Amino acid sequence: MRDTAAAPALSEALLDWYDRHARRMPWRVGPAARAAGLRPDPYAVWLSEIMLQQTTVAAVKSYFEAFTRRWPTVEALAAAEDADVMAAWAGLGYYARARNLLKCARVVVSDHGGAFPADHDALLKLPGIGPYTAAAISAIAFDIPATVVDGNVERVMARLHDEHTPLPAAKPILTEHARALTPAARPGDHAQAVMDLGATICTPKNPACGLCPWRPVCAAWGAGTAAELPKKTPKKAKPVRHGIAYLARRVDGAWLLETRPESGLLGGMLGWPGSDWVGLEDTPRPAPPIQAEWKTLGEEARHTFTHFHLRLALCTALVPMDRTPGRGTFVPAEEFRPADLPTLMRKAFDLARPR
DNA sequence: AACACGGGGTA
DNA sequence: TACCCAGTGTT
C-alpha cells in the first residue's frame, strides 16, 4: 500500500466489510439504531474502552454488563464506594485502571457537569485516558476523525505497508499510516472496523488473508510476509520471586484480610497479610499478623505477573475469638466473597480454605 | 526511554 | 511449561 490517494476507497471497502461482519458487543450501537440516528452513550464508550485496555473482548463482556447494571451513569459511578468498585473490578487485572476509573468519573462530574468532553485534548487530560482511549472516545462517541492506534491497528498497518521496522520503534510510522487512512465520514466505525479486522482476520498468528477486504492492496500479502509482521524487539525473561502469605480463619468463619497500599502491585485491592516478594528463596519471614498456631501448607500459590513469576508460600491458622490482629481486619464469613479478591489472592484462598 | 502493571489464551 | 497479547502512568 503506497498510494495514499487510494485511502478513501480503502476505508469504503473496510466499512462495507464492517457493516456485514461487525461483532455484536454490549457497548456497541447496532446498524439499525445508528441508521435511526442514535449515538453511542459516551459513558458506555469510555467504560468499555478502559476495560478493553490490554484485555480481550471476551474477558470484558461480563464486567461491562455488571458495571453498567450497577452504575448506569457516570454520576452513579462517581458516587460509588472505592471498595465496591475495586471488588467489582477484581479478576480483570491492571487495577490502576479501576482507581483511575473512579478518579475520572469524579472529575467528569465535578469539572464537566457529568458530560464527557467532546474534545481530544480535554479527554487526554483525564485520569486513565491516554492517546489510544482519547482517540477512541473522540471517534466512537463524538464522530471526530481522530486516529485510533492500538495493537491491532499497529499489526494491520505493519502488514498493509510491509513495514519491517520492529516495534516499538515503528510506532510513529504505523501511526502515520493509520492517520492517512482515517476518513472524515464514520470515523468511529472506521476505527472499530480496523480493530475488528485485526482481532478476527489480520490475527497475530495464521492471519485469514483469504477473507480480508484489503488483501488486494496489502503489501505483506504480495511479499508473503504477513505472518511474520509486525517485528518486535525481543523481551527479557521473567525472574522468579518468592514470598509468604498468612491466611487466618477465626473460629466464627471470619477471614483476616488487609487492603493493599494504593500504589504498586495489586494496589488498592484486598489481600492476605504477608511478606514482600523478593528474588531470594530463603528470606527472613515477617511476624504473623496475629498470634496463633501457624502451619505451613505443602503447596505454594503460583502466579505470573507482567514481569515476574511468583511462588507464594502459604501459612494457615485457626484463631480463637479473643485474639486481636496486629495487621489487617477480620471480614465476617457472610461478607467475604472470594470473587472480590485479585486472582493471586483467590488462588491462595482456594489452596488454604478448609475442605 | 525504560519500567511497572494482571490475566487469559494457545502451542 | 512457555510464549503471546495489549495502553497508561511513573521515573
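All values derive from a computational prediction rather than experimental measurement. Residue numbers begin at 1 in each chain, while the letters A, B, ... track the order of the sequences.
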Basic-acidic side-chain contact under 4.0 Å: A:Arg28, A:Asp196
yes
Output the single nucleotide from C:dC4, C:dT8, B:dG7 whose closest atom is nearest the side chain of A:Lys205.
C:dC4
With heavy atoms under 4.0 Å as the rule, sort A:Thr343 into base, sugar-phosphate or nothing.
sugar-phosphate
With heavy atoms under 4.0 Å as the rule, sort A:Arg99 into base, sugar-phosphate or nothing.
nothing
Go through it in stages, so that I can follow the logic: the residues are A:Phe305 and A:Trp277, the test is ring pair (Phe, Tyr, Trp, His ring centres under 6.0 Å), and I'd like the CA-CA distance, side-chain angles, deciding distance and then a yes or no.
CA-CA 12 Å; A:Phe305 291 97; A:Trp277 305 334; 5.6 Å; yes
Phosphate OP1/OP2 of B:dG7: any A:His303 side-chain N/O under 4.0 Å
yes
Whole angstrom value for the distance that separates C1' of B:dG7 from CG of A:Leu265:
12 Å
Scan A:Arg302 against the nucleic acid and name what it touches under 4.0 Å (heavy atoms): base, sugar-phosphate only, or nothing.
sugar-phosphate
Once you apply a heavy-atom cut-off of 4.0 Å, does A:Lys347 come out as touching a base, just sugar-phosphate, or nothing?
nothing
Between A:Lys238 and A:His307, do the side chains contain an N or O donor and an N or O acceptor separated by less than 3.5 Å?
no
Mind checking if A:Ile50 touches a base, just sugar-phosphate, or nothing, with heavy atoms under 4.0 Å?
nothing
Between A:Arg97 (CZ) and B:dG7 (C1'), how many Å, whole number?
9 Å
If you check the A:Pro131 side chain, which of B:dG7, C:dC5, C:dT8 turns out closest?
C:dT8
Sugar-phosphate only, base, or nothing, as touched by A:Pro168 at under 4.0 Å among non-hydrogen atoms:
nothing
A:Thr133 side chain, from C-beta outward: closest of C:dG7, C:dC5, B:dA4:
C:dG7
Quick check for you: among B:dC5, C:dC5, C:dG9, whose closest atom lies nearest to any side-chain atom of A:Tyr94?
B:dC5
Compare the minimum distances between each of B:dA11, C:dG9, C:dG7 and the side chain of A:Tyr132, then state the nucleotide with the smallest one.
C:dG7
Is the distance between the ring centroids of A:Trp272 and A:Tyr246 under 6.0 Å?
no
Pick base, sugar-phosphate or nothing for A:Gln54, based on heavy-atom distances below 4.0 Å to the nucleic acid.
base
Closest to the side chain of A:Pro342, out of B:dG7, B:dC5, C:dG7, is B:dG7
What contact category does A:Gly264 fall into here, base, sugar-phosphate, or nothing, at under 4.0 angstrom with non-hydrogen atoms?
sugar-phosphate
Step through it carefully: locate the ring centre of A:Phe116, locate the ring centre of A:Trp46, and say whether they are under 6.0 Å apart.
yes
Ring centres under 6.0 Å, that's the criterion: do A:Phe349 and A:Phe336 meet it?
yes
Please report the distance separating the C1' of B:dC5 from the corresponding atom of C:dC5, rounded so that it comes out in whole Å.
15 Å
Mind checking if A:Leu266 touches a base, just sugar-phosphate, or nothing, with heavy atoms under 4.0 Å?
sugar-phosphate
Please state whether the phosphate of B:dG8, meaning OP1 or OP2, lies under 4.0 angstrom from any side-chain nitrogen or oxygen of A:Thr55.
no
To the nearest angstrom, the CD-P distance between A:Glu262 and B:dC5 comes to 14 Å
